[in-house]
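Right, one structure below, let's go through it.
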Amino acid sequence: MSDIDEIFDRLLSRESIFRNKRVLSHDYIPEVLPHREKEIKKLAYILATALKGGKPSNVFMYGKTGTGKTAVAKYVLKKLDIKGQQLGLHFLYAYVNCRYKTSNYRVLLKIAEDLGVGRLPETGLPLDSIFDRIVRFIDRKEQLVIIIFDELDWLVKKSGDDILYQFTRINNDLKKAQVSIIGITNDLKFRNYLDSRVLSSLSEESIIFHPYNAQQLYDILKQRAEIAFVEGAVTEDALRLVAAIAAQEHGDARRAIDLLRVAGEIAEREGSDKVLEEHVIKAKDEVEKDLVEATVRELPLHEQLTLLSIIMLVKRGERLITTGKVQRMYEKICEFLGYKPVTLRRLNDIFADLEMLGIINAPVESAGRYGRTRNIKIVVPFRSILKAFESDERFTIVLKEIP
DNA sequence: TGTCCACTGGAAGGGAGGGCTT
DNA sequence: AAGCCCTCCCTTCCAGTGGACA
């Protein structure tokens, strides 16, 4: 008990190294976005039409994760809103992150919620009727509605482009209001999946975001660190290291900021009054592990079993892991645990799912005479997946009992 | 040059579990 | 209560395919 008291006392008596931790959270939009001036200008230019009462073109924004697409969109909209208010204009906004809204229904629901349509049931209504309600709601008066579809590729891959099609045509149904759409995607190849009508309507304008390099990431981190931490709490070396790690991982600024935050938390936990390189290194492991563990734990049963089969094959020292091998292992595990295995067709979709989640790489390769199959590789730290499985007794038994 | 392996991936559909409207 | 409509996970059926080998 006294141990715990001591921990509490120590924590209380010490000044925190954080001054304003919120600055390091995902939804924080800073006053200045370094190295995105060009993109901000372009978007502002497009949206400025709204200030003269016009309908801005739809915009498509491409770029990898953490290149500032969402931040730029939110930033410009915030400024637009302020300017609009000065001019007595009122705009409506909706923001959907399609990655976390798994179905058409959820997407519509989020839009309805953001616009303030009113209470709608979690499920049950026909899609048309929700869409109608949204249309009726926004068409009550003359106004501009801006809808942001973030991580649009997820929506299209999961549920197709029906909703998108409806939204691109929505202006035909509206008498008073007008709708502009901002589509954001990480997947550059994703245009191929879209119906050409949707694509042409969506990409009236497009903005491309390039990954940040280490120096740019450093500038971003520096700016955030100055607000987030007390003076001198982050060493130059630590900051450089965070920037370097994130630059290696495709210039993802969000990851960089996460990393900095966690490094700070670790430093604080360990009673250090400075964030050092060693804290950053620990933070890197922790961030990665947490993410993978959570993802794996939330997978549906047969996706977990499939992943477990892959893990078993890796453990066994198999160098080439093919669909067939996984299927045989998977069926063995199912038999062992008393589950009815899914078909090969389903398994194939599961591979695609796991690949989308970034857990595996599974490109289709041909061995000529010996057929075509996926070449499956785990692309996250092996230990974090194991860790996720270890919390479930069924899987632990399999790991022990099956060679 | 054709064959043929080991799959891949599209299309259609189903049923359990949810909740709506009437 | 009946009759719909939705999602999620899954099945059945099957045409299609890259390239090493004969």
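We name chains A, B, ... by the order of the sequence lines, and we start the count at 1 in each one. None of the values given here were measured: they were computed from a predicted structure.
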Open item on the list: For a quick test of reading the model, state the closest non-hydrogen atom pair linking A/Pro56 to A/Leu144 and the distance between them.
Closed with: CD-CD2, 3.6 Å
Open item on the list: Check whether A/Tyr95 forms a cation-pi arrangement with A/Lys74 (NZ or CZ under 6.0 Å from the six-membered ring centre, at most 45° off the ring normal).
Closed with: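 Satisfied, under 6.0 Å and within 45°.
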Please work out if [X] contacts a base, only the sugar-phosphate, or nothing of the nucleic acid, heavy-atom cut-off 4.0 Å.
X        : value
A/Arg374 : sugar-phosphate
A/Thr343 : base
A/Thr322 : sugar-phosphate
A/Pro341 : sugar-phosphate

Open item on the list: Is it the case that the base of C/dG18 and the side chain of A/Arg369 share a donor-acceptor contact (distance under 3.5 Å, atom types as modelled)?
Closed with: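 Flag unset: no donor-acceptor pair detected.
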TODO: Tell whether A/Ser366 reaches the base of C/dG18 with its side chain through a donor-acceptor pair below 3.5 angstrom.
DONE: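 By the distance-only test, yes, there is a pair.
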Open item on the list: Please confirm whether the ring centroid of A/Phe209 lies under 6.0 Å from the ring centroid of A/Tyr62.
Closed with: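 No, too far apart.
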Rounded distance (Å) that lies between atom [atom2] of [N] and atom [atom1] of [X]:
X        : N      : atom1 : atom2 : value
A/Leu299 : C/dC10 : CG    : P     : 11 Å
A/Lys325 : B/dC7  : NZ    : C1'   : 14 Å
A/Leu109 : B/dC20 : CG    : P     : 11 Å
A/Met356 : B/dG9  : CE    : P     : 14 Å
A/Gln304 : C/dC10 : CD    : P     : 11 Å
A/Tyr370 : C/dG19 : OH    : P     : 16 Å
A/Gln327 : B/dC5  : CD    : C1'   : 15 Å
A/Ile350 : C/dT11 : CD1   : P     : 9 Å

Open item on the list: For A/Arg374, run the side chain to side chain donor-acceptor pair (under 3.5 Å) check against A/Asn348, A/Thr322, A/Thr323 and tell me which one passes.
Closed with: A/Asn348
- [ ] Find which nucleotide of DNA chain B each of A/Gly371 and A/Arg345 is nearest to by heavy atoms, and output the residue with the more 5' nucleotide.
- [x] A/Gly371
Open item on the list: Which nucleotide wins on minimum distance to the side chain of A/Arg346, given the candidates C/dT11, B/dC7, B/dG9?
Closed with: C/dT11
Open item on the list: Of the listed nucleotides (C/dC6, C/dC10, B/dG9), which one gets closest to any side-chain atom of A/His302?
Closed with: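 Closest nucleotide among those given: C/dC10.
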Open item on the list: Salt bridge or not between A/Glu303 and A/Arg346? Use side-chain N to carboxylate O under 4.0 Å.
Closed with: yes
Task: Pairwise 5' ranking along DNA chain C for A/Ala367 and A/Arg372, keeping only the more 5' one - done: A/Arg372
